[in-house]
Amino acid sequence: MSHLLGIETLSTEAIWDYLQLAKSFAAAPPARELAGQRILLLFYEASTRTRASFEVAARRLGAETVFVAAQASSIEKGESLLDTVYTLRALDLRAIVMRHGSSGAPGLVARNVDVPVVNAGDGMHEHPTQALLDGYTILRHRGQIAGLTVAIVGDILHSRVARSNILLLTRLGAKVRLCGPRTLLPPELAAAYGEAVTATHDLEAALEGADVVMVLRIQMERMRDAFFPSETEYVRAFSLTPERLRLAAPQALVMHPGPMIRGVEISAEVADSPQSVIREQVENGVLIRMAVLHRLLAPRAA
Ligand code: CP
C-alpha cells in the first residue's frame, strides 16, 4: 500500500516523478481515469486551498469526493479518529486525504486502513503536497532548483509548510535561509537539517540576494504563549515590504502558502506585485494533487 505521508519518507526519484507528472498534466489533461472511485477528504482543521484543490483534482480525474469536517460531524460527539475512518471506509472509499492538528495522525490512519492515505497537513509535522506545489512553481519560473537560495521567513517553529519545504528544497539542491524571531526559530531547528540550511533573525540578511522569498503566516492557533511582544513589533522587524524585497535578487519570486495576513507578514503591495506567484501556487496545487492521486490510485482504476 502506497501513501504520501511526508517529504521525509519520499525518495528523490518520487519527488521528481510527481513534479514531472504535474508538468505533463499541465500540457495535456489526463483522461478521467479515476471514474467510479470515491475519495474521502477528512479535515480536522480548517482549509480553503488544500481542500478545494484536492476536490478539483479528484474531479478532473473523474473521481467523486466525500468531504467530512470535524465541525458538524460525529467527531464533535467524541468519535475517535480510527472509528471515524473505519465508519467512512464502509462507504467504498479508495483513498483518504486528511488534515489533522496532531503530528503523525495520517501515519496512524495509514497503519490501520487498506487504502492509500495522503497527508494534507498534520500539526507542526509536514504538508507534503504544499512543498511539491511550491517546488513545481519554482521550477516553472526558474527551470531548476539546484543552486537557488530560498529565504523562508516567519513562524518557522510551528510551520509544517516550512518543514516540508526545507526537506524538498535541500534534497533538490537549493540552499535555504530561515528567518524569524528567536522564539519562532530556535537555534537547534536549522542545525537539524545540515549545512544547506542556515538561520538568521535579521530579515535584511536573509533577503540579501535570495532567489525566492517564501513568507509564512504566524500560526496563532498553535501558540499557547506570547512568542513576540506585539504585532506591531513583528511587522517592524519581519514584514516583507517593497523596500526590503529590493534586497533580494532582481525579480526574486515571492511565495506564500496562504492564508496570508496582509499588512502583517507581507505588505499588500508585495503580495500583489508582479514578482508574486501566490495565486499561481494555488493553480499549481491542482496539478500536483492530480499527480498524487494518479500515482496512488490509477493502477487500481477499473
Ligand atoms: N496552504 C494551505 O494549506 O492553505 P489552506 O489551509 O487554506 O488549505
Side-chain angles (χ1 to χ4, degrees), residues 6-8 10 12 15 103 124-128 130-139 141-219 222-223 227-228 233-257 260 264-266 270 275-278 281:
I7 299 298
E8 190 164 30
L10 212 55
T12 305
I15 293 172
S103 302
M124 292 156 49
H125 178 225
E126 282 230 38
H127 193 348
Q130 180 70 45
L132 286 165
L133 76 88
D134 289 341
Y136 179 81
T137 304
I138 295 170
L139 275 176
H141 284 269
R142 292 292 177 264
Q144 61 178 46
I145 289 177
L148 296 181
T149 296
V150 180
I152 305 181
V153 180
D155 180 358
I156 310 291
L157 177 67
H158 298 104
S159 178
R160 55 198 177 204
V161 173
R163 182 170 157 70
S164 287
N165 262 302
I166 293 166
L167 292 165
L168 182 139
L169 293 168
T170 55
R171 193 89 71 76
L172 301 187
K175 290 194 178 347
V176 175
R177 289 182 196 153
L178 303 177
C179 178
R182 283 172 204 285
T183 46
L184 297 176
L185 176 52
E188 65 276 11
L189 198 149
Y193 293 101
E195 285 178 3
V197 181
T198 55
T200 175
H201 309 295
D202 176 350
L203 181 56
E204 278 73 23
L207 294 176
E208 191 68 50
D211 301 293
V212 178
V213 184
M214 207 176 268
V215 188
L216 302 176
R217 183 176 64 90
I218 304 160
Q219 303 207 17
R222 301 196 201 285
M223 296 182 188
F227 280 78
F228 46 87
E233 284 292 300
Y234 185 87
V235 170
R236 194 180 56 73
F238 294 104
S239 187
L240 186 62
T241 59
E243 299 72 38
R244 285 171 167 159
L245 181 57
R246 281 195 273 279
L247 295 169
Q251 303 312 314
L253 298 181
V254 174
M255 305 179 74
H256 194 309
M260 65 179 160
V264 180
E265 71 268 17
I266 189 167
V270 172
Q275 285 171 254
S276 167
V277 292
I278 295 170
Q281 287 173 264

Set of residues satisfying side chain to side chain contact (heavy atoms under 4.5 Å, CB included) with respect to [X], sequence neighbours excluded:
X      : result
Ala191 : none
Glu243 : Thr241, Arg246
Ala206 : Cys179, Thr200
Leu139 : Trp16, Leu19, Ile145

Heavy atoms, side chains only, cut-off 4.5 Å: are [X] and [Y] in contact?
X      : Y      : result
Thr170 : Val197 : yes
Arg163 : Ile166 : no
Ile152 : Val176 : yes
Arg160 : His125 : no
Val264 : Phe238 : no
Ile15  : Leu132 : yes
Met214 : Asp134 : yes
Pro181 : Leu184 : yes

Report the residues that fulfil side chain to side chain donor-acceptor pair (under 3.5 Å) with Ser103, sequence neighbours left out, ordered by chain and then residue number.
none
Mind listing the closest non-hydrogen atom pair of [X] and [Y] along with its distance?
X      : Y      : result
Gly180 : Leu185 : N-CD2, 3.6 Å
Arg217 : Asp155 : O-CB, 3.5 Å
Tyr234 : Gly154 : OH-CA, 3.1 Å
Arg244 : Val235 : NH1-O, 3.6 Å
Thr198 : Ala190 : C-CB, 4.2 Å
Ala174 : Ala196 : O-CB, 4.0 Å

Say whether, by atom type as modelled, one donor and one acceptor occur between the side chain of Ser164 and the main chain of His127 under 3.5 angstrom.
yes
Taking Pro128's backbone N and O only, do any of them form a donor-acceptor pair with Glu126's side chain (distance below 3.5 Å, no angle check)?
no
Would you please test Gln275 and Leu245 for side chain to side chain contact (heavy atoms under 4.5 Å, CB included) and show each step?
CA-CA 10 Å; Gln275 285 171 254; Leu245 181 57; 3.8 Å; yes
With side chain to side chain contact (heavy atoms under 4.5 Å, CB included) as the test, would you mind laying out the steps for Leu240 and Val153 before giving the verdict?
CA-CA 9 Å; Leu240 186 62; Val153 180; over 6 Å; no
Whether over 12 other heavy atoms sit under 6.0 Å from Glu195 CD:
no
Show your reasoning for whether side chain to side chain contact (heavy atoms under 4.5 Å, CB included) applies to Leu10 and Leu167.
CA-CA 10 Å; Leu10 212 55; Leu167 292 165; over 6 Å; no
Return the [atom1] to [atom2] distance between [X] and [Y], rounded to the nearest 0.5 Å.
X      : Y      : atom1 : atom2 : result
Leu133 : Ile138 : CG    : CD1   : 10.0 Å
Leu247 : Leu203 : CG    : CG    : 8.0 Å
Thr12  : Leu168 : OG1   : CG    : 9.0 Å
Leu216 : Leu178 : CG    : CG    : 9.5 Å

Distance-only donor-acceptor pairs under 3.5 Å for side chains of residues 250-257, two or more places apart:
unit_1, atom_1, unit_2, atom_2, d
His256, ND1, Gly258, N, 2.8
His256, NE2, Glu265, OE2, 2.8

If you measure only the distance, is there a donor-acceptor pair under 3.5 Å linking the side chains of Thr137 and Gln281?
no
Can Val213 and Leu207 be said to form a side chain to side chain contact (heavy atoms under 4.5 Å, CB included), step by step?
CA-CA 7 Å; Val213 184; Leu207 294 176; 3.7 Å; yes
Answer yes when Arg177 and Glu208 have at least one side-chain N-carboxylate O distance shorter than 4.0 Å, and no when they do not.
no
